Structure formats: C-alpha cells, structure tokens
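Throughout, protein chains are lettered first and strands after them, A, B, ... in sequence-line order, and every chain is numbered starting at 1. These numbers come from a predicted model, not from an experiment.
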2 protein chains.
Amino acid sequence: MRRPTLEAVAARAGVSRATVSRVVNGESTVGPRIRESVLRAVEELGYVPNSAARSLVTQRTDSIALVVSEPPTRVFSDDPLFSLVVRTAGAELERAGKQVVLMMAGSAEAQARVQGYVAGGHVDGVMFVSMHSSDPLPEAILRLGVPMVSYGRPAVAVDIPHADNDNAGGAERAVAHLLGAGRRRIATIAGPQDMIGGQDRLAGYRTALEGAGRRPLVEAGDFTRESGAAAMRRLLAAEPSVDAVFAANDLMAIGALQALRQAGRGVPGDVAVVGFDDIEAARFTDPPLTTVRAPIVEQAGAMVRLLLTPPADRESERVILPTELIVRDSA
Amino acid sequence: MRRPTLEAVAARAGVSRATVSRVVNGESTVGPRIRESVLRAVEELGYVPNSAARSLVTQRTDSIALVVSEPPTRVFSDDPLFSLVVRTAGAELERAGKQVVLMMAGSAEAQARVQGYVAGGHVDGVMFVSMHSSDPLPEAILRLGVPMVSYGRPAVAVDIPHADNDNAGGAERAVAHLLGAGRRRIATIAGPQDMIGGQDRLAGYRTALEGAGRRPLVEAGDFTRESGAAAMRRLLAAEPSVDAVFAANDLMAIGALQALRQAGRGVPGDVAVVGFDDIEAARFTDPPLTTVRAPIVEQAGAMVRLLLTPPADRESERVILPTELIVRDSA
DNA sequence: CTGAAAGCGCTTACAG
DNA sequence: CTGAAAGCGCTTACAG
C-alpha cells in the first residue's frame with residue numbers, strides 16, 4: 001500500500017508538481033480554479049506530504065526534543081513534575097505544529113544518544129527538563145548551534161534561555177511563615193544540590209533563618225518520599241527539639257509526614273511541616289499540606305514560548321514566575 | 001555552520017560516497033585500510049548522517065509514536081501511570097535505537113494531528129496508552145497499515161496486539177479479601193466505563209460479590225482523587241452501613257480515605273479500603289493502603305517488545321501479566 | 001500565475 | 001571489494 005506522492009497528485013490534477021507543492025503549502029499565488037482541482041486530487045488520493053523529503057530540502061524538521069536528564073534512581077519515582085511539564089509542553093508545542101520527541105538522558109550512554117540525535121539534524125530545538133550540574137549536553141548542543149531552552153535556570157555554566165520560578169523567594173516566605181507562627185527550631189529537608197531547584201530552595205531557607213538570627217539545620221534528600229522520610233528520621237534523632245521543617249518539595253514533605261506519624265509526633269501540634277510545589281497530592285495528606293505553589297504549568301508554557309520566539313523578538317531571555325504560599329493545616 | 005555531508009567525508013578519505021555509506025552503516029564488505037581512513041575522516045569532520053535523507057531512501061524512520069489519549073480533564077491530573085509508562089517505554093525503545101515521539105490525542109483536533117503525522121510517514125509504529133472506546137485513531141491507523149500495539153486490551157473493536165494485566169482477577173481477589181475479613185456491605189468506586197481498566201475492574205468486583213451472593217453497590221469516578229472523594233461521599237450518604245470499599249485505582253482510594261476521614265469514619269475499623277495499582281503513594285497514606293499491584297513497568301516493557309518483534313516471530317499477540325494483592329493496613 | 005529543472009543528502013542495485 | 005549512477009519525494013529559484 002504505497003502512499004501517493006506529489007507526482008501522483010500532479011498527474012491527477014493535470015498540473016505540475018511545483019503547483020501542487022504551492023497549493024499544499026498554502027501559497028497564495030495559485031489560481032482559484034487550479035487550486036480547486038489540486039485540492040480535489042489531494043482529497044481523492046488521500047495525499048499527505050512525505051516529511052523526510054520535505055525536511056531534506058527545507059532543512060527544518062518541525063520537531064523539538066524534550067530532554068529529561070534523570071538518573072535511573074529517579075526514573076521510576078512518580079514525581080508528577082515530569083508528567084506535568086512533559087504534557088503541558090507537549091500540548092503547547094503540538095498546537096504550534098511542532099512535534100515532541102521525548103528523550104531520556106539519565107546515563108552517559110543515553111546522553112551520547114541524544115547528542116547524536118540532535119547532531120543528526122532530527123530536531124530544530126531542544127528543551128531541557130530537570131538538569132543536573134554535571135550534564136554535558138548543553139555544552140555539546142551549544143556547539144552544534146541548535147537552539148535550546150531550559151525548564152528552570154540551567155545548572156551548568158552554559159547560558160541558556162529559561163523559564164524559572166522564584167524558588168529562593170518561595171522558600172524564604174515558607175520559613176518566614178514558620179517563624180511568624182512562633183516556631184523556634186526550624187529544620188529543612190533539602191533537595192539535590194546538583195540541581196538549581198535544590199540549591200535555590202536551600203538558599204532561601206538559609207536567608208530567612210539567618211535574617212532571624214537562627215541557626216540552620218539541614219538534612220538532604222533526593223526529592224523522593226522515601227528520602228524525605230529518612231531525612232526526617234535523622235532530624236528527629238539529631239535534634240529532638242525540632243518543631244518545624246521546610247521540605248524542598250511536596251514528595252519529601254509527604255515522607256516527612258509519615259516519619260513524624262510513626263514517631264508519634266503530631267502535625268502541626270508538635271512539628272509544623274511546609275512543602276514546595278503544591279502538587280495535587282498536597283491537598284490529600286493528613287493534615288492537608290501547607291506548601292509553596294510552583295507554577296509548573298505556567299513555567300512549562302513560558303519555556304515553550306521562549307523556544308518558539310525567534311531570539312530577536314524575545315523580550316527577555318529569562319522569565320521568572322512568582323511563587324505563592326498556600327496555607328493549609330500542616331503549618 | 002553547515003554540517004559535513006557524505007560527500008565531504010568521501011572527498012577527504014579519497015573514496016566514493018557509496019563506500020563511505022557502507023562503512024557508516026557497518027557493512028562488512030569494505031577493505032580494512034579503506035574502512036580505517038573513512039573512519040578517520042568521519043571522526044575529523046564530525047560527520048553524522050542526515051536522517052531525513054536516509055529515511056527518504058530507506059523508507060524507515062526509526063521513530064515510534066507514543067499516543068496518550070487523554071481528554072483535557074485528566075491531562076493535568078498527576079496520575080503517575082503516565083510518567084511510568086511513558087518513561088519505561090521510552091527508555092526501552094531508545095535502547096533499541098528507536099526514538100519516541102510523544103503525542104497527545106485528547107481532542108478531535110489533536111487526534112487529526114496524530115493521524116496526519118502517522119500518515120506523513122513520520123513513524124514506523126504507534127503505541128496506544130490509555131485508550132478510550134470512542135477513539136477513532138486505531139481504525140484510522142489500521143487503514144494506513146502502520147504497525148501498532150496497545151497498553152492494555154484495546155477499548156475499541158480493532159484487534160491490536162497488546163500487553164495487559166489481569167484487571168478482573170485482581171479486582172476479584174481484592175473483594176475476596178474483604179469478604180474473607182467478614183465485611184458485609186462492600187461497595188466499589190468504579191473507573192471510567194469507556195476504558196478497559198475501568199470495565200474489567202468493575203466486572204471483577206461484580207463476579208466476586210455475586211459469587212458470594214451479595215448485592216453490588218457502585219459509584220463511578222474518573223480515576224482522580226477528587227472523584228474518589230466525591231464518590232465516597234455519595235456512598236456514605238446512600239448506604240451508611242457500608243463497611244468496605246474497593247476503589248478501581250489508588251488515586252480514587254486516596255480520595256476515599258480523605259472523605260472517610262472527614263466523615264469521622266475510621267479505616268479500617270469502620271470501613272476497609274482497597275485500591276488498585278500500587279503506586280508509590282499507596283505506601284504513604286494513613287493508614288498505608290492495601291491494594292492490588294498492577295505491573296505497570298513490566299506491562300510497558302512487554303508492549304514495547306511486542307512492537308519491536310516482527311509479527312511472524314511473536315509467540316502471541318497478547319500478553320496478560322498477573323496482578324497481586326498487597327495487604328497493608330487499610331483492609 | 002505556472003512549469004522545467006536543479007538539488008537537498010543519502011542508499012542500493014548493478015557493473016566491474 | 002569499490003564506484004558510477006539512479007532515485008527516494010519534495011521545494012524553490014528561475015524563466016516565461
């Protein structure tokens with residue numbers, strides 16, 4: 001079942017291939033009669049342009065790579081961040097007539113594959129999600145001259161247009177809330193320090209605490225529930241007097257909630273808990289989680305728009321979205 | 001910064017384009033000296049084949065479309081099923097040298113786009129995730145003659161190779177567990193009935209209940225936490241004596257847990273709750289959720305292998321994976 | 001407004 | 001084992 005070609009349509013409509021091409025691509029310089037009959041032939045034959053042929057001559061692919069740089073450990077975690085970013089960006093890109101090629105880049109092998117793919121001219125641009133500071137891809141793609149953008153400020157030295165949110169400010173506000181409620185020993189469960197989100201949220205925590213003349217108390221996690229629970233247990237062991245904890249994301253806050261419950265500590269009575277992200281699960285914990293809302297959907301949209309806008313037309317190479325404290329019952 | 005072509009490599013190595021092509025594609029019929037010098041030229045020039053040109057002549061694309069057929073309402077839900085399936089399938093496909101093109105098909109417009117894309121010869125195969133019974137795509141793609149597979153038994157009349165899990169059996173086992181624990185009034189929060197998972201899990205519930213001579217009590221949800229909470233409230237209002245509920249997925253079970261908490265009912269004391277899927281969140285609820293484990297990762301892997309295996313070499317066109325009851329504290 | 005022709009960068013029979 | 005040549009299905013100056 002061979003697909004019909006331009007040639008076939010031309011023959012059927014009794015015109016040249018050039019004319020069919022013009023009609024198919026919506027050029028206005030074709031007479032109405034002819035356009036009409038070409039359209040009919042296209043319809044009858046069920047013609048759809050062969051994209052490989054088209055992209056060979058136009059040097060465009062209308063495809064964008066969405067690169068998720070997560071190591072295997074986190075690949076099977078169920079952080080909703082990925083679904084949300086991937087699906088929002090995907091839908092927006094599709095609306096713009098672009099296709100989304102999803103690429104995992106969590107190992108050196110996978111990174112090499114991504115690089116080869118981009119070098120092979122498969123895509124017109126690349127979007128980075130969840131970048132780590134050791135990621136060699138941005139540098140490599142910069143050399144290839146392919147446009148790129150990043151979800152969040154890049155964790156590497158390469159300067160990449162990006163959409164971020166005010167991670168540090170959000171963290172500061174969370175801690176200020178805890179301080180304002182009279183909490184004295186405020187700990188944090190920090191995220192991975194090779195990621196911007198992890199770094200900035202920790203920085204915000206430190207700023208707020210130090211501004212109040214208090215000493216920081218930090219345990220690190222890796223953004224999974226499991227690691228949040230483990231960090232909370234360490235915190236409880238190291239500093240039994242802890243009466244509040246700011247977790248760098250909601251998943252870790254959920255883990256902390258569980259560890260607290262198992263240790264017999266009441267929330268927020270004994271220990272107040274604040275998360276970050278405001279994922280849907282935050283409304284269903286017991287007690288419902290106070291958290292900092294990260295505008296994930298908006299941020300993904302902004303990133304896509306950045307990539308779709310030619311550099312000359314961009315108002316700015318970076319957009320920073322505000323975060324907002326959502327007070328529920330856990331703090 | 002034009003990328004080097006075959007031509008350039010050939011010139012540099014002092015051989016014909018045909019020879020370079022053979023070396024690049026790993027054919028064994030090239031003399032070692034020549035191969036050596038071609039490889040050197042490739043290296044020096046940083047040559048990477050242009051995939052559009054290659055696919056124009058080979059008629060292959062080495063790309064696979066992963067079609068997620070969710071309507072907007074669920075697009076922004078954070079069901080981890082999608083991340084898991086998308087990322088597992090993606091990683092496996094990449095390992096096989098295929099690229100994954102992610103496509104959302106939640107509206108008629110989006111469906112048309114997918115169809116056009118597949119018709120345009122962009123992909124060698126398509127994988128359906130989360131299919132609804134009204135989906136016109138399987139039929140359309142069948143006509144195009146492009147190979148396809150489905151995650152779960154297809155919800156449409158088209159016969160598609162697929163990897164499924166034993167949804168009905170799992171549901172039966174869940175209800176049997178409840179019956180065995182002496183529960184008398186066992187309700188279910190069913191999933192969408194235009195999806196196979198929703199249908200089969202409800203069927204399993206009915207089979208088990210009727211086998212025990214009990215009357216079914218059904219409220220429907222749409223697989224979101226919110227809908228699970230709402231269904232639980234309706235159940236409580238309609239039948240205050242309900243002492244157990246089987247939710248067709250964990251997210252709805254989590255919603256039910258919240259509604260029960262708000263209604264002052266103890267779990268499992270007053271009402272036992274069983275979910276389905278065993279997503280990571282199930283281990284972090286209060287109390288931890290008893291649920292039926294769906295082998296999501298294995299199922300995604302099986303689906304990929306099905307697509308990658310030529311029809312003639314397949315042992316079967318459908319693989320059904322077992323489910324397992326995971327007993328925690330909620331039932 | 002329409003067409004003839006060149007060319008995008010590869011692969012693959014076909015000769016030798 | 002290697003090369004000359006045709007051809008994959010399009011688009012786009014260039015003429016007219």
Side-chain angles (χ1 to χ4, degrees), chain A residues 1-39 41-42 45-63 116-124 144, chain B residues 1-39 41-42 45-63 116-124 144:
Chain A
M1 189 169 59
R2 258 199 125 41
R3 293 164 41 204
T5 66
L6 245 205
E7 185 85 53
V9 177
R12 178 147 195 147
V15 300
S16 73
R17 283 144 66 215
T19 297
V20 177
S21 173
R22 291 188 186 104
V23 171
V24 169
N25 288 291
E27 282 182 37
S28 54
T29 64
V30 178
R33 304 225 70 127
I34 295 210
R35 135 169 286 116
E36 189 63 22
S37 70
V38 168
L39 255 19
V42 165
L45 261 25
Y47 171 72
V48 179
N50 176 306
S51 42
R54 171 178 283 172
S55 115
L56 180 57
V57 26
T58 61
Q59 308 278 23
R60 283 182 301 101
T61 65
D62 289 331
S63 295
Y117 191 72
V118 176
H122 276 92
V123 298
D124 299 336
L144 291 169
Chain B
M1 189 167 61
R2 262 200 124 38
R3 293 164 41 204
T5 66
L6 244 205
E7 185 84 52
V9 177
R12 177 146 194 149
V15 299
S16 72
R17 281 144 68 217
T19 297
V20 176
S21 174
R22 291 187 186 107
V23 171
V24 169
N25 289 291
E27 281 182 38
S28 55
T29 63
V30 179
R33 301 225 73 125
I34 295 209
R35 135 168 286 117
E36 188 63 21
S37 68
V38 168
L39 255 19
V42 165
L45 262 25
Y47 171 72
V48 179
N50 176 306
S51 41
R54 172 178 282 172
S55 115
L56 180 56
V57 25
T58 61
Q59 308 278 24
R60 284 182 301 103
T61 65
D62 290 331
S63 295
Y117 191 72
V118 176
H122 276 92
V123 298
D124 300 336
L144 291 169

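- Between B:Val23 and B:Leu39, the closest side-chain pair of non-hydrogen atoms falls below 4.5 Å.
- Side-chain contact between B:Val38 and B:Arg33 is absent, with no heavy atoms from C-beta onward closer than 4.5 Å.
- Atom pair A:Arg3:CZ and D:dC10:P shows a separation of 7 Å (rounding to whole Å applied).
- Side-chain contact between A:Pro49 and A:Leu6 is absent, with no heavy-atom pair separated by less than 4.5 Å.
- Considering only side-chain N and O atoms, A:Thr5 lies nowhere under 4.0 angstrom from the phosphate OP1 or OP2 of D:dG9.
- Using modelled atom types and a 3.5 Å distance limit, the side chains of B:Ser16 and B:Thr19 yield a donor-acceptor pair.
- Residue A:Pro4 comes nearest to A:Leu45 through the heavy atom pair CG-O, 3.4 Å, listed as atom of the first residue, atom of the second, then distance.
- If you take CD of B:Glu7 and P of D:dA4, they are 11 Å apart, rounded to a whole angstrom.
- Taking atom CG on B:Asn50 and atom P on C:dC10, their separation rounds to 5 Å, with Å as the unit.
- Stem analysis of DNA chain C (at least three stacked-register Watson-Crick or G-U pairs, each with both distances under 3.5 Å) gives C:1-3 with D:14-16, C:5-12 with D:5-12, C:14-16 with D:1-3.
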Scan nucleotides 11-16 of chain D nucleotide by nucleotide, 5' to 3', and note B when protein non-hydrogen atoms come under 4.0 Å of the base, S if they reach only the sugar-phosphate, - if neither.
-> BBB---
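- When distances run from any side-chain atom of A:Gln59 to the nucleotides C:dC10, C:dC8, D:dG3, the shortest one goes to C:dC8.
- Nucleic acid contact for A:Thr29: base, since at least one base atom lies under 4.0 Å from a heavy atom of the residue.
- Here the side chains of A:Thr61 and B:His122 are not in contact, with every heavy-atom distance at 4.5 Å or above.
- Side-chain contact between A:Asp124 and A:Asp62 is present, with at least one heavy-atom pair separated by less than 4.5 Å.
- B:Asn25 contributes no side-chain N or O that, together with a main-chain N or O of B:Glu27, makes up a donor-acceptor pair within less than 3.5 Å.
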